Amino acid sequence: MSDKGEWHGGDVVYPQAKFFVVLAVLVLLSACSTSSPTTPQPRPTTPNPTTPKPEPTEPPKPGELGVYLSPSTTTYANSTLTLQVSVVGGTPDSVQLLKNDLPFAPLSSTLKYDWNTSSEAEGSYTLKARAVQGDKSFDSSELTVVVDRTKPTVDISSRQPVPGATNISVRAPISVSFSEPLKASSLSDGAASLLNASQSVSKTLALSDDGLTLTITPTGQLVSPDTVEITFGNSLTDLAGNALASEGSSWRWELPKYFEYGTSLLDTGTAGLQIDSKGQPVVILITYGGENTKTSVKRWTPDGWHPLGPEVVLGRTIFLSSLVLDADDIPYLVWRENGRVYIKKWNGSSWEILGGALNINQSESVNSAKLVMGRNQKLYVVWGEAQSIYIKQWTGSSWINAADPLGLGNVNFNITPDLGITSDGRPVIGWCGQLLGENGLTSDYGVQVVEWRDDEWLSYFAGVVCEASFSMAITSTNDPIAVYKTDLTNGPFEVIRWRAGRLTGYPNPYSDFTSVYDYASLLVNSKDNPVVTIAGGTWPIVETWEESDWQTRDDFPNSDACCLINSAELALSKNDVPTLAYSEDDQTRSFLRIVGLNR
C-alpha cells in the first residue's frame with residue numbers, strides 16, 4: 001500500500017482511511033412518499049435481470065466518498081425491484097435514497113433495498129443514493145426506473161401480410177409491431193407459432209433493435225394453396241416483464257396456387273420478363289397509345305412494382321425487344337431507336353449505353369434483336385440487318401464479333417433468329433422460315449439451326465416442316481431444343497432435340513391448340529428438360545417434360561373465359577418455378593397479367 005491514494009481494481013486505498021466499506025441495506029418503500037412519476041423516457045437499453053453489487057466506475061477524489069447505485073442503467077419494473085448501494089473512500093454517517101430529488105428512504109447499516117413498485121403510479125422515476133459525512137454529502141449517479149404494469153399489445157394495423165388477404169406470395173415477409181418494446185430475452189422459438197395447412201412450419205424469429213417489431217422468417221417450405229396462421233405463446237414480455245396481451249395477437253391469410261404480381265395492367269404489353277436470384281420478376285412494360293406509347297422497366301419487391309428509371313415515350317421509332325439479368329441481378333435490354341441497335345445496362349440510377357450503336361450499316365433497318373446471357377455470364381446480342389445475321393459479345397468495355405456474320409444471300413429475308421450460347425461460348429442460331437442453301441436463303445420453309453464452330457457456320461439440322469412460332473434453347477450439354485408449329489392454322493406444336501448427333505422428337509405438347517393465334521416459347525430448366533409455354537386460347541399453358549411425359553399446368557388464371565391469351569412470356573426461377581406475363585384480350589381492350597406459381 002502506497003502513501004498516496006491508489007485505485008486498485010475497484011477499491012480505493014487512502015492513508016487517511018485504510019479500509020474499504022461496502023454497505024448493503026434492505027429498506028422498505030416509504031408509504032408516505034409523495035413523489036410522482038416524471039414523463040416516461042425513450043426506450044432504454046434492456047436492463048440486467050439481476051442486481052449485482054454496484055462497482056465504482058471511477059475513483060473518488062481524495063477526501064471524498066464514492067457513492068454507487070445499482071442497477072446503474074435505466075430499468076423497467078412491474079413489481080419489486082432490488083436496489084443496492086456501495087460507498088467507498090470512507091465511512092458515511094448516513095445513507096439515504098432519493099426519489100425525484102425527495103427523500104425516499106433513510107438507510108441503516110445494510111444498504112440493500114427491495115422497492116415494491118406495485119403501489120407506485122405507472123411512469124418514470126429518478127432515483128439516486130446520498131451518503132452524508134459530517135457536513136458534506138455525496139450523491140450517486142441518477143438511475144431512471146420506469147414503473148410499468150400495462151401489458152404490451154399487438155399493433156393490429158402493422159400485421160403483415162394483412163389478415164384475411166388472399167393473394168399472398170410464399171415469399172412475402174411476415175412481421176408485426178407492438179405497442180411498446182419487448183424484452184429480447186423473452187424471445188424463444190416457442191414465443192410464436194407458424195402454421196401452414198394446420199401443420200407447424202420451422203422458422204426464425206428476429207426482434208428489431210428497438211424491440212418494437214418482430215420478423216418471422218419461414219425456414220420450412222410453405223404449401224399452397226392453403227392457409228397460413230401466426231399465433232403467440234405467453235412467453236413474450238415487455239421490458240418490465242408484462243406478458244403480451246392475447247387480443248389481436250393471432251391472424252391468418254391465404255396462399256393461392258398462383259400469385260399475381262399486382263393488378264392487371266390496362267392496354268399494356270411486355271417485351272421481356274426475367275426472374276432474379278430472389279425469385280422476383282423484372283419486366284419491360286409497354287403501355288400502348290400510338291405516338292404516346294410509353295415503356296418502363298420495373299422490378300417487383302414485396303411492397304410492389306418499382307421502376308428502374310423514368311418512363312420513356314416510345315412513339316413509333318423506339319422498340320424494346322429483349323431483357324436479361326446477370327448473376328448480380330443487373331438488368332440489360334435491347335433498345336432500337338430510328339433503326340439503330342443499342343444495349344443498355346441499369347447502373348443503379350440510370351440506363352447507360354454499352355458501346356454505342358451496334359449496326360454495321362446504320363442506314364439499314366434492323367428487323368429483330370435479342371439479348372442472351374450465356375452460362376459463362378457473358379452478354380451476347382443477335383440481330384438481322386440487310387442480308388446477314390450478326391452476333392456480338394460484350395467484353396466489359398467493348399463489343400466484339402462472337403462469330404462471323406451469317407450471310408443469307410441477296411434476298412430480303414423475313415425471319416426472326418433465336419440465339420443460344422453453348423457452355424464454351426459458341427453461338428447457335430435457329431429460326432423458322434426460309435432455309436439456307438449454298439447461296440443463301442431459298443424459297444423452302446422449315447426449321448434451320450446452325451452453330452459457329454471451328455471458325456465457320458455448320459448446320460445442325462434443316463428441313464423440318466415449320467410455319468410459325470419458333471423458340472429455341474441450349475442445354476448444359478450443348479443440345480439445341482426447339483419448339484415450333486407445323487402449320488399456321490391447324491398444325492400441332494412439335495418439340496425436337498439434337499442429341500449425340502441425332503435429331504429426336506418429343507410427343508406433341510398440348511396438340512389440341514390449333515388456333516391461328518397460338519404460339520409457343522421454350523426454356524430449359526435446371527434438369528436440362530424443356531419447359532414450353534403455349535398461348536392463344538382462353539388460358540395460357542405451361543408444359544414441363546419430366547422423365548417420359550409432359551406435365552401440364554393449364555390452370556393459370558384468366559379473368560374472363562371470353563378473353564383470348566394473345567401473348568405469353570415465360571421465365572423460370574433458379575428453382576424452376578414458372579412465371580408468366582400474358583395479355584388477355586376481350587376484343588375491345590387488352591390487359592397484362594404477371595402470374596407465378598406460388599412456391
Side-chain angles (χ1 to χ4, degrees), residues 25-52 54 69-85 96-107 111-130 139-159 176-188 191-192 207-214 232-249:
V25 176
L26 175 63
V27 183
L28 297 177
L29 172 65
S30 174
C32 61
S33 174
T34 59
S35 60
S36 60
T38 60
T39 303
Q41 301 296 309
R43 182 196 183 271
T45 57
T46 302
N48 191 321
T50 62
T51 308
L69 176 62
S70 180
S72 58
T73 58
T74 302
T75 300
Y76 281 68
N78 64 358
S79 56
T80 298
L81 174 65
T82 298
L83 302 170
Q84 292 181 325
V85 178
Q96 63 179 349
L97 290 173
L98 284 79
K99 178 173 61 175
N100 296 345
D101 287 326
L102 297 176
F104 175 31
L107 304 181
L111 301 178
K112 183 178 180 181
Y113 188 72
D114 286 337
W115 179 25
N116 182 4
T117 66
S118 61
S119 61
E120 300 283 353
E122 291 187 86
S124 180
Y125 297 84
T126 300
L127 303 185
K128 61 183 175 182
R130 175 172 294 170
D139 289 352
S140 69
S141 297
E142 292 184 343
L143 166 66
T144 298
V145 176
V146 179
V147 175
D148 175 16
R149 292 183 294 275
T150 301
K151 290 185 175 183
T153 59
V154 167
D155 178 357
I156 59 175
S157 65
S158 74
R159 294 177 293 183
V176 62
S177 296
F178 305 97
S179 58
E180 58 180 300
L182 298 188
K183 184 184 294 185
S185 61
S186 72
L187 184 65
S188 63
L207 195 61
S208 60
D209 290 341
D210 62 8
L212 288 171
T213 301
L214 178 67
F232 290 100
N234 56 11
S235 63
L236 282 175
T237 72
D238 62 13
L239 299 179
N242 302 300
L244 179 67
S246 60
E247 294 79 12
S249 61

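Owing to the predicted nature of the structure, the values given are computational and were not obtained by experimental measurement. Keep in mind that the numbers below use all heavy atoms, side chains included, and drop hydrogens, waters and symmetry copies.
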Can you list everything that forms a side chain to side chain donor-acceptor pair (under 3.5 Å) with [X]? Sequence neighbours excluded, please.
X      : value
Ser177 : Thr213
Asp148 : none
Thr150 : Glu122

Do the side chains of [Y] and [X] get nearer than 4.5 Å, heavy atoms only?
X      : Y      : result
Ser124 : Thr144 : yes
Tyr125 : Phe104 : no
Leu69  : Leu97  : yes
Leu244 : Phe178 : yes
Thr80  : Trp115 : no

List the residues meeting side chain to side chain contact (heavy atoms under 4.5 Å, CB included) with [X], not counting sequence neighbours, and say none if there are none.
X      : result
Ser118 : Asn116
Ser179 : Pro152, Thr153
Leu187 : Ala191, Leu205, Leu207, Leu214, Leu236

Gap separating the [atom1] atom of [X] from the [atom2] atom of [Y], nearest 0.5 angstrom:
X      : Y      : atom1 : atom2 : result
Leu107 : Leu83  : CG    : CG    : 9.5 Å
Ser235 : Lys183 : OG    : NZ    : 12.0 Å
Leu182 : Thr237 : CG    : OG1   : 7.0 Å
Thr74  : Leu143 : OG1   : CG    : 7.0 Å

Thr82 and Asp114: side chain donor to acceptor below 3.5 Å: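 Distance-only check passes for Thr82 and Asp114.
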Any residue meeting salt bridge (charged side-chain N to carboxylate O under 4.0 Å, His left out) with Arg130, in chain and number order, not counting sequence neighbours: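 For Arg130 the salt bridge (charged side-chain N to carboxylate O under 4.0 Å, His left out) partners, ignoring immediate neighbours, are Asp139.
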Under the salt bridge (charged side-chain N to carboxylate O under 4.0 Å, His left out) test, residues paired with Asp155 that sit two or more places apart: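 Once residues adjacent in sequence are excluded, Asp155 has no partner under the salt bridge (charged side-chain N to carboxylate O under 4.0 Å, His left out) criterion.
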Distance-minimising heavy-atom pair for Phe232 and Ser249: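 Heavy atoms only, the tightest pair is CD1-O, 2.6 Å.
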Heavy-atom closest pair, residues Ser141 and Lys128: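 Of all heavy-atom pairs spanning Ser141 and Lys128, the closest is O-CB, 4.1 Å.
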Arg149 side-chain N/O to Thr117 backbone N/O, donor-acceptor pair under 3.5 Å: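 Checked: pair present.
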